[in-house]
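All values below come from the heavy atoms of this structure, side chains included, with hydrogens, waters and symmetry mates left out. Chain letters run A, B, ... following the sequence lines, proteins first, then strands; residues in each count from 1.
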Amino acid sequence: MRSHYCGEVTEDLLDEQVELSGWVHRRRDHGGVIFIDLRDREGLIQVVFDPDESAAFQTADTVRSEYVLQIRGRVRRRPAGTENPELKTGQVDVYGQAIEVLNEAKTPPFQLTDTDVGEDVRLRHRYVDLRRPVMQQRLRDRARVTSAMRRFLDDQGFIDVETPMLTRATPEGARDFLVPSRLHAGSFYALPQSPQLFKQLLMMSGIDRYYQIVRCFRDEDLRADRQPEFTQLDIEASFVDEDQIMGLMEAMIRQLFRQILDVELPDPFPRMRYAEAMDRFGIDRPDRRIPLELVEVADLVTDVDFKVFAGPANDPKGRVAALRVPGGGEALSRGAIDDYTDFVARYGAKGLAYIKVNDPAQGREGLQSPILKFLPDAAVTGILERTGAEAGDIVFFGADKASVVNDALGALRVRLGHDMGLVADGWYPLWVVEFPMFEYDEQDQRYYSLHHPFTAPQVSDAASFRNGDPEQMLSRAYDVVLNGTEIGGGSMRIHNAAMQWAVFEALGIDAEQAREQFGFLLDALEYGAPPHGGIAFGLDRLVMLMTGAQSIRDVMAFPKTQNGSDPLMEAPAPVADTALQELHIRLRRTVNSGSE
RNA sequence: GGAGCGGUAGUUCAGUGGUUAGAAUGCCGGCCUGUCACGCCGGAGGUCGCGGGUUCAAAUCCCGUCCGCUCCGCCA
C-alpha cells in the first residue's frame with residue numbers, strides 16, 4: 001500500500017517508482033495539469049497529474065481536500081525554476097500514474113492551514129485538528145519526552161510500577177472524582193489525585209527506586225494549565241536525601257532539554273529559599289526571566305501619618321513593598337496605571353500607589369505622585385535609595401496583609417515584565433526549597449500542610465517537632481520551577497510512625513480519624529519503613545513549555561473544555577436508570593439531560 | 001461561587017435602533033499545461049447562540065439563560 005512516507009520523498013529516490021498514501025492537503029487544477037499536495041505525518045509531497053495518464057488524471061479531477069488517496073508514480077526532478085524551497089521534498093515531485101480514492105471526505109469544518117480557529121470547533125473535530133502539522137509535532141515531542149524520561153530512569157535503576165486507578169478518597173487536598181461501587185452499596189472508590197501513598201508503600205516494600213508515568217485526577221475548576229485528568233512523572237527513592245534526589249532529577253531535566261531541544265541548562269540548577277522567593281518575587285515560583293523585584297519598605301514608613309502604609313507596616317502580618325519599573329514613568333500613561341490598579345484588585349489589593357520619578361536629583365520637585373503629600377522627606381528619599389529609582393522610572397507600592405501584597409505585586413511584576421518587554425529569552429530553572437510545613441487557614445481555624453501531610457519536617461524527632469512553633473517550622477520539600485511555571489515538586493517523607501502521628505496532630509487530625517483514614521500507612525511505618533523521598537513532575541506543563549504551546553490542552557490529544565466536558569465524545573453524559581440502580585444510586589432531582 | 005471578554009455564512013471577522021446583514025477565506029460550477037496561499041469569471045451559502053422584554057422598528061438596547069476562552073476563589 002505504501003513504499004514511503006510522503007515527507008520522505010527526496011532526491012534520493014529520483015526515477016524510482018513509489019507508492020504513497022495520505023490526505024489531500026491542497027489541489028491546484030490548471031485545466032491541463034493537476035497538482036495535488038499529498039500529506040501524511042511526515043510531510044507533504046507534490047503529485048502531478050497529466051492528461052497523458054488519462055485514467056489517473058480523471059480521478060485526480062474529482063478529489064477534494066482531505067480525501068484519502070493511494071497513488072503510484074515516478075519521482076522526478078522538478079523542472080528548473082519550479083523547485084519549492086519551503087518543502088523538504090521541494091526539489092522533486094511525483095509523476096502520478098495511478099490513483100485510488102481510499103475514502104472521500106466531507107469538506108473539513110475548518111481549513112487545516114488556518115491558525116486561529118476557535119478551540120471548541122477544533123475539539124469537536126479533534127481528529128481533523130490533530131492532522132495539522134503543529135499538533136502532530138507536539139504529540140511527537142511529548143512522546144520523545146516520555147521516552148527520554150523512561151530511558152534515563154531505566155538506566156538509573158528505577159522500576160516502573162503501576163498503581164491502582166480505583167482507590168480511596170482522601171480527606172485532605174483536592175476534591176476527588178468518585179466511582180460508585182456496585183458490589184458495596186453506598187461505598188465509593190476515588191480516582192487518584194496522585195499515587196502518593198502507593199509510592200511510599202512501594203518504598204516500604206523494598207522497591208527502592210520507583211517511577212511511573214501516570215494519570216492523575218482532581219475535580220477542581222480548570223485553567224489554561226489545569227485539566228481534570230493530567231499526567232505526572234511520579235518518582236520515589238529510598239535511602240537517599242534531598243540533595244541526591246534533586247541532583248538526579250535536574251540531571252534528567254538537563255538531558256531532556258539536551259536531547260529534545262538541544263538546549264544546555266545550568267548545572268547545577270540555582271536554589272532559592274521559599275522565604276527569599278516570597279520577599280523578592282511575591283510568589284513561590286519566580287519567573288527569573290523577568291528582572292523586576294519587590295523591595296521591602298515597611299521599616300521606612302512605620303511612623304508616617306499615611307495609614308494605608310503605616311497600618312500594614314506596623315502589623316506583624318502586614319507588608320509594605322515597592323516595585324520599581326525602569327522606564328515605567330515615561331512609558332505608562334494614567335490609563336495604563338488605572339488598568340494595573342484594576343489588575344491588582346483581582347488579588348485583593350485595595351489600590352495601587354505609585355511614584356513617577358522624573359528627576360530624583362530635584363527631590364520632591366522631581367517626583368509625581370498622589371501619595372507624595374503623605375510622605376515625609378526621609379521616607380521618600382529612603383524609598384528612592386532602596387529601590388534604586390532613576391529618572392524615567394515608576395515605583396509601585398503594595399501595602400496590605402503580606403499575602404495580598406505578595407499576590408498582587410507578584411502578579412503585577414510578571415504582567416509588567418511582559419507589557420514592558422522585559423522578559424529575557426531562554427530557560428531559567430530554579431529549585432525552591434525550605435518551604436514552611438504548614439499554613440494557617442483563617443476560615444477553618446486550623447493548619448493545613450503546604451505540601452501534603454506526609455512531608456518530613458526539618459526537625460528529625462517527634463518530641464522536638466511537638467515543641468516547635470508550627471508557624472516557623474520548615475519542611476524538607478522542594479519544587480522545580482521553570483520560567484515561572486511549577487513543573488515539579490516533592491519532598492522527603494516521614495518514615496517514622498511517631499513523627500507521622502505528631503504531624504497529624506498538628507493538623508488537627510485526631511487519633512480516631514488518623515486510624516480510620518491512614519491506618520494502613522501508620523501500620524506500614526511500623527513494619528520497617530526506609531527513609532525515602534521523591535518528586536512528581538507535571539508532564540503536560542513541561543511539554544507545554546518545551547513546545548511553546550499556550551495551554552496544556554494543546555499537548556493533550558483529547559482534552560476537556562473549561563467546564564470539564566469533552567465536545568467530541570460529549571462526556572459527561574447521563575446514564576440509564578438501570579445503571580444507576582445497579583450502583584445503588586438515586587438522583588436527588590430529576591436532571592434535565594437534554595438528550596431526549 | 002465570582003469577574004472579564006466573546007458567540008453574526010463551513011471558518012475568521014466587520015456591522016452600536018431604520019433598504020434585501022457584509023468582507024475574506026472555504027465550498028459549488030466554468031475556463032486555464034508548472035502551480036505550490038495558483039489565477040480569472042460566475043454562483044450558492046445566515047434560527048445574527050437560545051428565551052423573554054422595550055420599541056412603529058432589534059444582530060444592535062434591557063433581563064435571563066446556555067456555550068467558549070482568560071482570570072480570582074479552588075487546585076495539600
Side-chain angles (χ1 to χ4, degrees), chain A residues 25-38 44-52 57 64-66 76 78-87 89-90 93 95 106-125 128-129 170-176 193-194 196-197 216-228 230 339 342-349 404 407-408 411 415 435-439 441 443 447-455 475 477 486 489-491 503 507 536 538 550-551 553 560-563 565 567 592 594:
Chain A
H25 191 67
R26 268 214 180 81
R27 174 174 158 278
R28 290 175 295 280
D29 182 352
H30 286 243
V33 63
I34 297 172
F35 300 98
I36 290 177
D37 291 338
L38 198 66
L44 290 180
I45 177 71
Q46 174 168 277
V47 188
V48 186
F49 293 95
D50 187 284
D52 292 345
F57 183 81
R64 295 294 182 266
S65 285
E66 299 307 307
R76 309 181 306 184
R78 290 190 181 199
T82 68
E83 303 87 352
N84 184 350
E86 303 291 311
L87 287 182
T89 62
D93 58 24
Y95 182 74
K106 291 167 85 170
T107 302
F110 51 88
Q111 292 163 260
L112 272 70
T113 44
D114 277 359
T115 50
D116 56 352
V117 180
E119 213 172 343
D120 43 346
V121 183
R122 289 172 51 203
L123 289 181
R124 186 161 291 114
H125 302 275
V128 177
D129 188 41
T170 50
E172 309 266 311
R175 195 176 293 117
D176 289 301
Q193 296 177 27
S194 81
Q196 180 60 38
L197 289 166
C216 302
F217 305 87
R218 292 177 191 176
D219 189 7
E220 298 291 346
D221 287 353
L222 278 55
R223 289 281 193 287
D225 62 353
R226 271 162 37 188
Q227 282 271 304
F230 60 98
D339 282 347
D342 292 342
F343 178 74
V344 296
R346 300 214 290 256
Y347 299 87
V404 171
D407 286 353
R415 168 89 192 270
F435 282 82
M437 269 298 273
F438 306 109
E439 60 186 343
D441 185 299
Q443 201 143 45
Y447 287 99
Y448 279 95
S449 299
L450 200 74
H451 200 61
H452 58 54
F454 321 111
T455 302
S475 74
E486 183 201 324
S491 64
V503 169
L507 291 167
Q550 292 302 303
S551 123
R553 294 187 298 273
K560 311 255 187 298
T561 66
Q562 194 170 40
N563 75 9
S565 59
N592 186 357

Inset, instruction - Answer yes or no: is there a side-chain heavy-atom contact under 4.5 Å between A:Ser551 and A:Asp225? - result: no

Inset, instruction - Report yes if the side chains of A:Arg26 and A:Ile36 come closer than 4.5 Å at any heavy-atom pair, otherwise no. - result: no

Legend entry - Cation-pi geometry met for A:Arg415 and A:Phe343 (6.0 Å, 45°): yes

Would you indicate, yes or no, if [N] has its OP1 or OP2 atom less than 4.0 angstrom from a side-chain nitrogen or oxygen of [X]?
X        : N     : value
A:Ser65  : B:C27 : yes
A:Arg553 : B:U70 : yes
A:Ser565 : B:G68 : yes
A:Thr561 : B:G68 : yes
A:Arg226 : B:C74 : no
A:Arg223 : B:C72 : yes

Legend entry - Closest to side chain of A:Pro51, choosing from B:U33, B:C75, B:C71: B:U33

Inset, instruction - Taking only the side-chain heavy atoms of A:Val117 (C-beta and beyond), determine which of B:U12, B:G73, B:C69 contains the nearest atom. - result: B:U12

If I pick the [atom1] atom on [M] and the same atom on [N], what distance separates them, to the nearest angstrom?
N     : M     : atom1 : result
B:A37 : B:A57 : C1'   : 44 Å
B:G49 : B:U33 : C1'   : 48 Å
B:G73 : B:C62 : C1'   : 30 Å
B:G29 : B:G45 : P     : 16 Å
B:G17 : B:C48 : C1'   : 15 Å
B:G26 : B:U65 : C1'   : 33 Å
B:G6  : B:A14 : C1'   : 15 Å

Inset, instruction - Please identify each residue that fulfils salt bridge (Lys or Arg N to Asp or Glu O under 4.0 Å) with A:Asp29, with sequence neighbours left out. - result: A:Arg27

For the backbone of [Y] and the side chain of [X], can you confirm whether one donor and one acceptor N or O come within less than 3.5 Å of each other?
X        : Y        : value
A:Thr455 : A:Ser475 : no
A:Glu66  : A:Lys106 : no
A:Glu220 : A:Arg218 : no

[N] [atom2] sits how many Å from [X] [atom1], rounded?
X        : N     : atom1 : atom2 : result
A:Asp114 : B:U12 : CG    : P     : 8 Å
A:Leu222 : B:G1  : CG    : P     : 15 Å
A:Leu450 : B:C74 : CG    : P     : 13 Å
A:Gln111 : B:U25 : CD    : P     : 10 Å
A:Arg124 : B:C67 : CZ    : P     : 12 Å
A:Asn563 : B:G2  : CG    : P     : 15 Å
A:Arg122 : B:G10 : CZ    : P     : 20 Å
A:Arg346 : B:G4  : CZ    : C1'   : 8 Å

Inset, instruction - Decide whether A:Gln193 and A:Asp176 meet the rule of one side-chain donor and one side-chain acceptor closer than 3.5 Å. - result: yes

[N] pairs with which nucleotide, Watson-Crick or G-U wobble, both distances below 3.5 Å?
N     : result
B:G6  : B:C67
B:A24 : B:U11
B:C38 : none
B:G17 : none
B:A44 : none
B:C61 : B:G53

Inset, instruction - Report which part of the nucleic acid A:Glu119 touches: base, sugar-phosphate, or nothing (heavy-atom distance under 4.0 Å, all strands). - result: sugar-phosphate

Legend entry - Base-contact (B) and sugar-phosphate-only (S) positions in nucleotides 34-39 of chain B, heavy-atom cut-off under 4.0 Å, - elsewhere: BBBSB-

Inset, instruction - Apply side-chain contact (heavy atoms from CB on, under 4.5 Å) to A:Phe454 and A:Leu197, showing your working. - result: CA-CA 9 Å; A:Phe454 321 111; A:Leu197 289 166; 3.6 Å; yes

Legend entry - First of A:Lys560 and A:Arg175 reached from the 5' end of RNA chain B, by closest nucleotide: A:Lys560

